[in-house]
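Take a look at the structure below.
Quick caveat: nothing in here was measured; it's all calculated off a predicted structure.
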Amino acid sequence: MNVSDRAARILDEVERAVIGKRDALELVLLGLLADGHVLIEDNPGLAKTLMARSFAAVTGLRFARVQFTTDLMPSDVTGSAIYDQRTGDLRFQPGPIFTHVLLGDEINRAPPKTQAALLEAMQERQVTSEDTTRRLERPFLVLATQNPIEYEGTYPLPEAQLDRFLLRISVGYPDRAAELELLGRRMERGRDEVELDTVVDRDELLTMQRAVETVHADDGILGYAVDLVAATRESPQVQVGASPRGSLALLKLSRAKAAVEGRDFVTPDDVKLVAVPALAHRITLRPELWIQRVEAADVVRDCLDSCPAPPVRVP
């Protein structure tokens, strides 16, 4: 299967709705192809929800949205047993988590107990309720959003749950040309909604995911990924470095990046391009660094500068 052509068609179609953010859209697609979850952290009004809906529509996947609030219960996400008056038995009513693409909107507004309800589903692709474990149909992707500028009534995601996300991205404000195009398209459409075409179906997407698993990464690339993660642990600015799950994230995302670029092998540049979104949310900085405005992304970039990249080897 030609993953590159299909990926380009998916991005072109999604970009009809989300304008001028090709790099951010590609990162979400890499997460989808690598069978991982994506955390989108940015200010309100930057198309985070639209991005999730658009990918679901273009890939023909079932979509569900959960608006996280302080009174949301775990059963509101996973489902619960209800009494059936006709049969006199308890019947399990599946929650919105039984879908392909789950949008967890403002996930940091839910209390820790509800956030924890997602952990098993995100990691094990299953839900346990009423002493029964139910498998989630693949693909299963959680796209979670959080607003970094509001802290009142929020519960920061614990490190254990942050680590479940394959990557974290920011969308950012569009430039002037993109925002003008956004307004122009809205005038031309005459309505708010953008109708997107389905480019691939569920089976084709699963085939694309399997194709990513055939992308080759030699020993040099594997060593480079391990060295980058080890550098985050050894940095004097870091209190807790990335875990081995960070190494796996680098490998999975770099293989997906290579496939999107039309290659069947990973290069060091693939690893470099995904390093910040794959690792920055997995490290904890020393608390005194907040005064110096040092961010985790800056530490990852320093690690990239200090770790020599291996030569490119074409298999």
Side-chain angles (χ1 to χ4, degrees), residues 1-40 42 45-63 65 100-103 139 141-143 145 166-215 252-264 266-267 269-270 273-274 277:
M1 161 177 270
N2 193 327
V3 175
S4 180
D5 288 347
R6 282 176 170 81
R9 289 167 53 203
I10 291 172
L11 292 174
D12 289 342
E13 189 65 20
V14 173
E15 207 168 19
R16 290 180 51 215
V18 184
I19 300 169
K21 291 298 173 184
R22 184 82 173 197
D23 291 343
L25 295 178
E26 183 175 300
L27 286 172
V28 175
L29 179 59
L30 294 183
L32 182 57
L33 295 179
D35 196 24
H37 310 293
V38 182
L39 178 61
I40 308 173
D42 221 319
L46 294 180
K48 300 186 293 293
T49 302
L50 177 62
M51 191 179 296
R53 281 205 320 265
S54 299
F55 271 103
V58 169
T59 55
L61 300 177
R62 292 199 311 272
F63 174 77
R65 174 183 175 179
H100 292 139
V101 177
L102 176 69
L103 172 62
L141 173 70
V142 173
L143 285 177
T145 71
L166 188 65
L167 71 161
R168 181 181 64 181
I169 68 170
S170 295
V171 181
Y173 289 103
D175 58 26
R176 187 175 189 275
E179 198 159 359
L180 280 173
E181 184 177 356
L182 170 69
L183 298 182
R185 290 191 189 183
R186 174 60 181 83
M187 291 286 292
E188 184 178 345
R189 275 197 316 274
R191 62 183 185 277
D192 286 332
E193 296 78 15
V194 182
E195 294 184 4
L196 299 178
D197 297 327
T198 300
V199 174
V200 299
D201 58 22
R202 171 181 174 269
D203 291 337
E204 287 178 304
L205 183 64
L206 290 173
T207 302
M208 293 173 71
Q209 289 183 342
R210 289 192 292 267
V212 169
E213 289 297 329
T214 66
V215 175
K252 294 170 70 174
L253 288 170
S254 60
R255 294 173 87 187
K257 175 63 176 175
V260 167
E261 294 295 327
R263 283 181 278 103
D264 61 357
V266 178
T267 67
D269 284 341
D270 295 327
L273 287 170
V274 301

Under a 3.5 Å distance rule, please check whether [X] uses its side chain to pair with a backbone N or O of [Y] as donor and acceptor.
X: Glu204; Y: Asp201; value: yes
X: Arg16; Y: Glu195; value: yes
X: Ser4; Y: Val260; value: yes

Taking the side chain as everything from C-beta on, heavy atoms only, tell me whether [X] gets closer than 4.5 Å to [Y].
X: Val266; Y: Val215; result: yes
X: Leu167; Y: Leu253; result: yes
X: Leu102; Y: Arg62; result: no
X: Phe55; Y: Val28; result: yes

Just jot down the side chain to side chain contact (heavy atoms under 4.5 Å, CB included) partners of Lys48, sequence neighbours excluded, or say none. Ile40, Asp42, Thr145, Val171
Can you list everything that forms a side chain to side chain contact (heavy atoms under 4.5 Å, CB included) with Arg9? Sequence neighbours excluded, please. Arg6, Val199
Arg191 atom CZ: more than 12 heavy-atom contacts under 6.0 Å: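 Result for CZ/Arg191: enclosed.
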Salt bridge or not for Arg22 and Asp12, using N-O below 4.0 Å? yes
Could you tell me which non-hydrogen atom of Gly20 sits nearest to which non-hydrogen atom of Ala178, and how far apart they are? CA-CB, 4.0 Å
Residue among Val38, Ile10, Val14, Val58 satisfying side chain to side chain contact (heavy atoms under 4.5 Å, CB included) with Leu29: Ile10
